[in-house]
Q: 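Quick one: this structure, given as structure tokens, is what I'll be asking you about.
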Amino acid sequence: MKEEKKKKIKTDVILKETSGNYVRLIGDADRKARIMLVVNSLFLTLSVTLISKIFGNVPHSWLFASILMLSNVISLFFSIRSIKPEFNQAKNEETENNILHYKKCSELSLEEYRLQIQSTVTDDAQKMDAFIKELYFYGRLLSIKYKLLKIAYYFFLWGIVLAVLTYIFILIMFNRQTEVYS
């Protein structure tokens with residue numbers, strides 16, 4: 001009996017720790033997405049300003065500013081999508097039948113919810129199943145969030161690199177043209 005209790009405690013600790021880690025990672029992903037939103041918004045504003053200020057001074061300056069703007073807009077899109085990603089399935093039975101899922105509170109009356117929670121808490125197999133389902137969907141959510149953030153980071157990074165290289169190329173070509181005409 002004591003061995004079974006120790007095993008159950010270890011299982012409870014593992015599930016609790018895993019759940020806590022998932023929730024922390026979801027919060028981290030959301031913070032990273034918010035940072036990307038702020039940074040990309042600043043760069044987008046900067047690129048619009050660059051287009052309007054130096055458009056006449058440096059030939060083809062619109063090219064590097066446009067690359068910067070485009071990469072920022074795409075990065076913003078994926079950052080926003082990572083904050084509230086959508087699952088591919090419209091309605092998932094596993095989510096709908098899981099009393100631990102947050103949507104259940106709004107779908108059931110207080111009495112129905114209370115009865116289902118009590119039923120789940122008293123039945124070890126049902127409790128474990130509900131908890132495993134919730135962990136699974138946390139994992140899926142994390143996977144989607146981080147995939148979208150990765151895409152946002154790549155567009156941000158490569159957009160800046162491409163914009164800077166384009167600007168350097170324009171400056172070199174412009175200087176060569178002025179030297180030829182001098």
Side-chain angles (χ1 to χ4, degrees), residues 17-96 98 100-107 132-182:
E17 287 295 318
T18 303
S19 176
N21 287 337
Y22 281 2
V23 169
R24 182 182 52 77
L25 289 170
I26 289 169
D28 288 349
D30 288 342
R31 276 187 291 286
K32 289 176 183 182
R34 285 192 301 272
I35 290 168
M36 286 296 292
L37 289 173
V38 169
V39 169
N40 278 295
S41 297
L42 289 172
F43 271 86
L44 191 59
T45 304
L46 176 68
S47 56
V48 169
T49 304
L50 285 173
I51 283 180
S52 63
K53 294 285 183 187
I54 63 172
F55 186 68
N57 298 340
V58 180
H60 307 293
S61 60
W62 61 270
L63 189 58
F64 83 90
S66 297
I67 290 170
L68 189 59
M69 280 177 44
L70 181 64
S71 67
N72 289 141
V73 168
I74 293 171
S75 186
L76 274 169
F77 171 78
F78 284 106
S79 297
I80 291 168
R81 293 278 307 173
S82 75
I83 292 173
K84 185 158 178 17
E86 294 178 18
F87 288 104
N88 293 339
Q89 303 147 312
K91 281 202 168 192
N92 190 322
E93 282 183 30
E94 297 296 325
T95 302
E96 289 177 6
N98 186 7
L100 297 181
H101 197 270
Y102 72 92
K103 289 183 179 179
K104 277 299 188 185
C105 289
S106 63
E107 295 173 356
I132 289 170
K133 286 177 185 176
E134 195 63 11
L135 285 178
Y136 173 77
F137 288 107
Y138 277 160
R140 294 231 1 243
L141 178 65
L142 274 169
S143 177
I144 292 169
K145 281 180 173 281
Y146 277 101
K147 185 183 350 177
L148 292 168
L149 274 174
K150 182 179 178 180
I151 294 169
Y153 283 129
Y154 280 135
F155 273 103
F156 178 71
L157 171 70
W158 291 110
I160 289 176
V161 168
L162 188 59
V164 168
L165 291 175
T166 304
Y167 185 68
I168 291 170
F169 178 75
I170 289 169
L171 287 178
I172 291 170
M173 293 306 292
F174 179 69
N175 283 338
R176 282 190 183 162
Q177 287 177 355
T178 39
E179 288 173 5
V180 169
Y181 294 120
S182 299

Q: Mind listing the closest non-hydrogen atom pair of Leu76 and Ser41 along with its distance?
A: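 Heavy atoms only, the tightest pair is CD2-OG, 3.9 Å.
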Q: Please name all residues satisfying side chain to side chain contact (heavy atoms under 4.5 Å, CB included) with Thr18, sequence neighbours left out, ordered by chain then number.
A: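 Ile14, Tyr22, Leu135.
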Q: Can you measure from CD1 (Ile74) to CD1 (Ile151) and round to the nearest 0.5 angstrom?
A: 11.0 Å
Q: Taking the side chain from Ser75 and the backbone from Ser71, do they hold a donor-acceptor pair closer than 3.5 Å?
A: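 Not a single qualifying donor-acceptor pair exists.
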Q: Give me the one residue out of Leu44, Thr45, Val38 that meets side chain to side chain contact (heavy atoms under 4.5 Å, CB included) with Leu42.
A: Val38
Q: State which residues pass salt bridge (charged side-chain N to carboxylate O under 4.0 Å, His left out) with Lys32; sequence neighbours excluded, sorted by chain then number.
A: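 Residues passing salt bridge (charged side-chain N to carboxylate O under 4.0 Å, His left out) with Lys32: none at all.
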Q: Checking Asn72 now: which residues fulfil side chain to side chain donor-acceptor pair (under 3.5 Å) with it, not counting sequence neighbours?
A: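 Expected list: Asn40.
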Q: Do any pairs count as a side-chain hydrogen bond (donor to acceptor under 3.5 Å, both in side chains) and have a residue in residues 143-163, sequence neighbours left out, and if so which ones?
A: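 Listed once each, the pairs are Asp30-Lys145.
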Q: Do Phe137 and Leu141 come close enough that some side-chain heavy atom pair is under 4.5 Å?
A: no
Q: Which atom pair, heavy atoms only, marks the closest approach of Ala163 to Ile67?
A: N-CG2, 3.9 Å
Q: Test of understanding: with side chain to side chain contact (heavy atoms under 4.5 Å, CB included), list the residues that count as partners of Ile160, not counting sequence neighbours.
A: Phe43, Leu68, Phe156, Val164
Q: Using the salt bridge (charged side-chain N to carboxylate O under 4.0 Å, His left out) criterion, which residues pair with Asp28? Sequence neighbours excluded.
A: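 Counting only residues at least two positions away or on another chain, Asp28 forms a salt bridge (charged side-chain N to carboxylate O under 4.0 Å, His left out) with Arg24, Arg31.
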Q: Find the distance between CZ (Arg34) and CD1 (Ile83) and round it off to the nearest 0.5 Å.
A: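 Nearest 0.5 Å value for the CZ-CD1 distance: 7.0 Å.
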